Amino acid sequence: MENRDAWNRRRFVVAAPLLTIGVSGCMRFAADESATQPESDPSIETVTAPSSVRLETDAEIGVDVANDASVRRDVTVTVDLENHAEYSEQATLEPESETTVDVSVPAAETGRHRLSVDVREAGEDDDVLDEWDETLTVTGRLLTLEWGETFVPAEHAGVSEDTRDLAFACFELRLREGDEVFATYAVDSEPDVEFLAGAYPSQLLEDDRLEEFDGERGRWLGTDEQRTELVLIDHEAVDRADTLELHGYSLLEAETTVEARTDGETTDTAGVPTRGDGESVIEIDLESSVDGS
């Protein structure tokens, strides 16, 4: 009997380290501190993006990606604008760090678009680690004017040294619905009109560099490419209008035409006045097309 009691005591001493006693007196197994915890995946911390951008500009997107793991991770950050196009940048995330990935997205189509961002393991197209989405509004309507003819003053007047290709001196734009003019834009520092190409000068102006035409200040349209591109920022106003008026003066000696396109689609071919007409107006039908449909 004495030997059995001694054996029981020895058995209890051997087993004791496997048990701990809780504060309530219940027994529980001690945690195994040697077990390996799974590493967390990279995640999107913040996305810096504008709520709206102008047509024909780039939306600058900044994506802060965090890597809380103890190992380096290679990821691909992809920005998608309403399935129109995807723009991706590669990034290497150092252990326990945060990295900002910058992506430029061209704003090529007017309207409200779903802007989405996702982070994937580099080389794994189907393995999305984290994602984010919001709405981006693209404002503006692109207007392209193809001039049938331009005029170079130096080639027609012995006293002129002006070698620019000129078509029309424009000092004001007007949007009309029926007989009602509901929007008027100057062509100097007007924030609602931006000339991209084919104007002298093309940039926004806040000084006196515009030329003067019988007391009116304006820009020459034309250039050697015989094309002018401008953006009317308020695209809803353009969509409402049925006619765009260009007010100004012409240098052309004979009548010609200008072809107008909005967002790449031809809407009208309008007549361009001559220099003998004095102050005049080019009327562009925003609702028609070249075949009259």
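Note that the structure is a prediction, hence the values are computed from the model and not measured.
To the nearest 0.5 Å, atom OH of residue Y249 and atom CG of residue D277 are 12.0 Å apart. Atom CD of E121 is separated from atom CG of D74 by 7.5 Å, given to the nearest 0.5 angstrom. The NE2 atom of H113 sits 5.5 Å away from atom CG of L81, with the distance rounded to the nearest 0.5 Å. Rounding to the nearest 0.5 angstrom, the gap separating the CG atom in L145 from the CD1 atom in I282 is 8.0 Å. The CD atom of E194 lies 10.5 Å from the CG atom of L55; values are rounded to the nearest 0.5 Å. Interatomic distance, R176 CZ to D285 CG, rounded to the nearest 0.5 Å: 9.0 Å.
E229 is not listed as a side-chain neighbour of F195, based on a closest heavy-atom distance of 4.5 Å or more. R141 places a side-chain heavy atom less than 4.5 Å from the side chain of D239. For the pair L221 and L246, the minimum side-chain heavy-atom distance is below 4.5 Å. Contact annotation: the side chain of L143 never approaches that of R261 to less than 4.5 Å [non-hydrogen atoms, C-beta and beyond]. Side-chain contact check for V117 versus D133: every heavy-atom pair is 4.5 Å or farther apart. Using a 4.5 Å heavy-atom cutoff, the side chains of V65 and V77 are in contact.
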Apply the test side chain to side chain contact (heavy atoms under 4.5 Å, CB included) to residues L244 and L175: give CA-CA distance (whole Å), side-chain angles for both, the deciding distance (0.1 Å), then the verdict. CA-CA 5 Å; L244 171 66; L175 290 176; 3.7 Å; yes

For R219 and Y200, what are the C-alpha separation, side-chain angles and deciding distance, and is it a side chain to side chain contact (heavy atoms under 4.5 Å, CB included)? CA-CA 6 Å; R219 297 174 191 261; Y200 298 105; 5.9 Å; no

Take E94 and R73 through the salt bridge (Lys or Arg N to Asp or Glu O under 4.0 Å) test and state the conclusion after the steps. CA-CA 7 Å; E94 296 298 329; R73 301 287 292 269; over 6 Å; no

Hey, mind stepping through L232 and L173 against side chain to side chain contact (heavy atoms under 4.5 Å, CB included) and telling me if it holds? CA-CA 10 Å; L232 295 166; L173 303 174; 4.1 Å; yes

Carefully, step by step, assess W220 and C170 under the rule side chain to side chain contact (heavy atoms under 4.5 Å, CB included). CA-CA 6 Å; W220 278 111; C170 182; over 6 Å; no

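Counting only N and O atoms by type, the side chains of D130 and S43 include no donor and acceptor under 3.5 Å apart. Side-chain contact, T228 with W147: a donor N or O sits under 3.5 Å from an acceptor N or O. A donor atom on one side chain and an acceptor atom on the other are not found under 3.5 Å apart for S52 and T137. Side chain to side chain, D64 and T100 meet the donor-acceptor criterion of an N or O pair below 3.5 Å. The closest side-chain donor-acceptor pair between E259 and T269, if any, does not fall under 3.5 angstrom. Counted by atom type alone, S104 and E60 present one or more donor-acceptor pairs between their side chains at under 3.5 Å. Donor-acceptor pairing under 3.5 Å is lacking for the side chains of T223 and D165.
Here the closest heavy-atom approach between residue V71 and residue P95 is recorded as C-CG, 3.7 Å. Closest approach of V193 and L230 over heavy atoms only: CG1-CD1, 3.9 Å. The two residues E86 and D80 make their nearest non-hydrogen contact at CG-OD1, 3.8 Å. A pairwise comparison of heavy atoms in E172 and V187 identifies N-CG1, 4.2 Å as the closest pair. The nearest pair of heavy atoms linking V103 to E89 is CG2-CG, 3.7 Å. In plain terms, the two heavy atoms of S250 and L252 that are nearest each other are OG-N, 3.1 Å.
With a 6.0 Å radius and a threshold of 12 heavy atoms from other residues, nucleotides or ligands, R164 has its CZ atom above the threshold. Around the CZ atom of R240, the shell of radius 6.0 Å holds more than 12 heavy atoms that belong to other residues, nucleotides or ligands. Shown here is E236, whose CD atom has no more than 12 heavy atoms of other residues, nucleotides or ligands within 6.0 Å. Within a 6.0 Å radius of CD in E45, more than 12 heavy atoms belonging to other residues, nucleotides or ligands are found. Counted within 6.0 Å of CD on E255, heavy atoms from surrounding residues, nucleotides or ligands total 12 or fewer; the atom is thus considered open.
Looking at D41, its side chain never comes within 3.5 Å of a backbone N or O of L129 through a donor-acceptor pair. Side-chain atoms of T274 do not come within 3.5 Å of backbone N or O of E253 as any donor-acceptor pair. The backbone N or O of R114 lies less than 3.5 Å from a partner atom in the side chain of E82, making a donor-acceptor pair. Between the side chain of H235 and the main chain of V231, no donor-acceptor pair closer than 3.5 Å is present. Listed for the E39 side chain is a donor-acceptor partner under 3.5 Å among the backbone atoms of S70. Using a distance-only test at 3.5 Å, with no hydrogens or angles considered, no donor-acceptor pair links the side chain of D118 to the main chain of E131. In this structure, R275 contributes its side chain and L251 its backbone to a donor-acceptor pair below 3.5 Å. Here the side chain of T150 pairs no donor or acceptor atom with the backbone of L166 at under 3.5 angstrom.
When I61, V105, L115 are each tested for a side-chain contact (heavy atoms from CB on, under 4.5 Å) with L136, only one passes: L115.
Residues E56 and R54 are not paired through a salt bridge, judged by the lack of any N-O separation under 4.0 Å between the basic side chain and the carboxylate.
Linking ILVMFWY residues whenever their side-chain heavy atoms come closer than 4.5 Å, directly or via other members, places L286 and F182 in the same cluster.
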